[in-house]
Amino acid sequence: MLVWSHCSRRIIRPVRTSEVAAALLLRRKRLQACESRRYKSHATNDAKTEQNVIAEKEDKPFYVTTPIFYVNAAPHMGHLYSMVLADTFRRWQQFMGRDAFLLTGTDEHGMKVQQAANKIEKPVKQFCDETSQLFKNLAAEAHISNDRFIRTTDEDHREAVHKLWNTLVEKGYIYKGKHEGWYSVSDETFYPESQLNRDFDQSSGVTKVYSNETGKEVEWASEENYFFALSRMREPLLELFNSRLEDKFVYPYSQFKTIIDSVENGLSDLSISRPSSRFTWGIPVPGDESQTIYVWVDALTNYLTSAGYGKLTGSEFEKSMWPVDIHVVGKDITRFHCIYWPAFLLAAELPLPKHIVVHSHWLMNGAKMSKSSGNIVDPHAVMVIAGVDSVRYYLLRHNILEGDGDFDTERVLERRQADLVFKYSNLVSRTCSKSFSIELALSHHLKGYPIPGTRPDKFLAFQSEMITEANSLVDNVARHMNNFNPTGSLSEIWDVLKKANQYVDYATPWNTESSNISPTIFVMAEMCRIISIVLQPFVPTYASKALDKLSVSPERRSIEYAKFEADMTYGKGANLPNRGHVVDYRL
Ligand code: MSP
């Protein structure tokens, strides 16, 4: 039997159902192989078993994005997590010597925002300005290195949305039709009957209908809409997934698998506009003011806007930073990013993002932190109590890519004390003690004082193993980062840090005759310097405080200096008293 299929260039060709079944089987097998590799590397916490999926240096900046945040309420810790993760990817790429660009911002159109503003009787734009500013402040407070803070109310964004819409019309993917269905204002989406729950209220005699997935109420909507021919994109999407299984187009694989299953089960055309009579707070359909563009088409386009899509000509855009290298998204918005977004881009014949990294959720007392349920952790309050980098460290140290995690402020303080104060700050403070002199240790080393000194063989073996590990730290951390795993990176760094502390405990330089101290102080200083250089993308403030304390010049903090003896110019004044702590002492 023959069925009709679209391939990526949209040339229609007949395919045998047996071919389809074989392709499906092959995809399943490859997906299983990818998953088993993932479990192996997860079990050993060893990125060496995984391939490097991030492209080597390219002739364009490394482009990372966070989702843009709804402005219907203030930011919470979950939002900060998306920002910190994306920021760490950006900082890491820059550390590796590549230009990088981080985009974050706010998603300001839609019924949800219009209703939130109406509720408190504020003009919608003023409401957006105020809440958007809260997200902007959060990014600044958490030292997020965003290169642009986009707002969907920005003028160049409207141009980009219109350009994408017109392109999709030209290519024949948009048509007008009637749409009826259950719509959730809160989730800004229609739900099929199979995903709904009904609840009869005895007292009012009214049956309310809710989404199974989000628990949000839905209402029946019947209207004229424009549609995107999503059903035509099933085969091109499956072809795309198939060709990008190994290189983690969607990561982790559990999320990729859910997406593939959902596309295999079939796609219906997507309603992509709403009557302006129902809501006006959005971008009108070009040439038809009676319709407003669906908020998700509007929102997703922000990633193109910032690459200059609305303003640049086709050939100029080809030379821009497009496509995105990493989209960081939460698991609740995968359908939009992993199905709709690639479908729009394929239809518009635009290059696709390289990776979509999906994280799970931070919970509070076992339930998803969300502004609509009111159970949220205020990131500002925790940063004031624990310090910005202690919060960044806690968020990154917990791998919530695979499963949800409970956020607990007490635990932030515990980890801060155990890892940042006792292990990191303590090592730096001991090395910068006023009883030693790093400057002298370096000059002795330059004059050829032997690194080993007069120590037992066991100690020397430990020392040389530790130096080898410090010299491989960048490569080991890079392997984790190239597999979207900052948690693995931090455990790699803390393994070396643990060794460095053991080394100091063993060496007890404070008991050694002063003529013998220099080789040990030199090794301690080198450990602090290398570890701090590698820590910069993760805890930028603590790392730079440590490097300042060690008097490492700002020009010598890049990747090539993260090796033993790569910098012999630091240490001046490092052992003077009162040079401050690496981790602020709060509380
Ligand atoms: N506006 C859309 C995204 C459009 S992107 C083109 C949106 N906004 S949101 O404000 O609701 O969520 C933004 C991001 O925050 C999402 O990635 C979401 O998963 C994340 N988080 C919201 N609550 C979260 C937790 N409790 N934990 C972790 N992240 C969570 O969706």
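We count ligands from 1, going down the list as the structure has it; atoms in each ligand are counted the same way. Just so it is clear, the structure is predicted and the values come from calculations on it, not from any experiment.
In this comparison of Tyr340, Tyr303, Phe336, the heavy atom closest to atom 5 (S) of ligand 1 sits on Tyr303.
Within the listing of ligand 1, atoms 28 (C) sit less than 4.0 angstrom from a heavy atom of Ser360. The contact set between ligand 1 and Asp107, taken as ligand atoms under 4.0 Å from a residue heavy atom, comprises 1 (N), 2 (C), 4 (C). Ligand 1 places these atoms under 4.0 Å from at least one heavy atom of Ile333: 16 (C), 17 (O), 31 (O). For ligand 1, the atoms lying closer than 4.0 Å to a non-hydrogen atom of Ala299 are 6 (C). Those atoms of ligand 1 that come under 4.0 Å of a heavy atom in Asp332, given as number and element, are 18 (C), 19 (O). Near Met369, meaning under 4.0 Å from one of its heavy atoms, ligand 1 places the atoms 23 (N), 25 (C), 26 (N).
At least one N/O-N/O distance between Gly330 and ligand 1 falls below 3.5 Å. Distances between N or O atoms of Tyr70 and those of ligand 1 include at least one value under 3.5 Å. Considering backbone and side-chain atoms together, His337 places no N or O closer than 3.5 Å to any N or O of ligand 1. Checked by distance only, ligand 1 and Phe69 stay at 3.5 Å or farther apart across all their nitrogen or oxygen atoms.
Assignment of His359 to the shell around ligand 1 is supported, since a heavy atom sits closer than 4.0 Å.
Rounding to the nearest 0.5 Å places CD1 of Ile326 at 11.0 Å from NZ of Lys248.
Checking His480 against Ser489 by side-chain atom types alone, no donor-acceptor pair falls below 3.5 Å. The closest side-chain donor-acceptor pair between Asp298 and His157 falls under 3.5 angstrom.
Not one N or O on the side chain of His359 forms a donor-acceptor pair closer than 3.5 Å with the backbone of Val328. A donor-acceptor pair under 3.5 Å links the side-chain atoms of Arg416 to the main chain of Ala386, judged by distance alone.
A salt bridge links Lys331 with Asp404; the closest basic N to acidic carboxylate O contact falls under 4.0 Å. Using a 4.0 Å cut-off between a side-chain N of Lys or Arg and a carboxylate O of Asp or Glu, Glu492 and Arg479 do not qualify as a salt bridge.
Under a cutoff of 6.0 Å and an axis angle of 45°, Arg90 and Phe62 do not form a cation-pi pair.
Neither the backbone nor the side chain of Met77 has any atom closer than 4.0 Å to an atom of ligand 1 (non-hydrogen atoms only).
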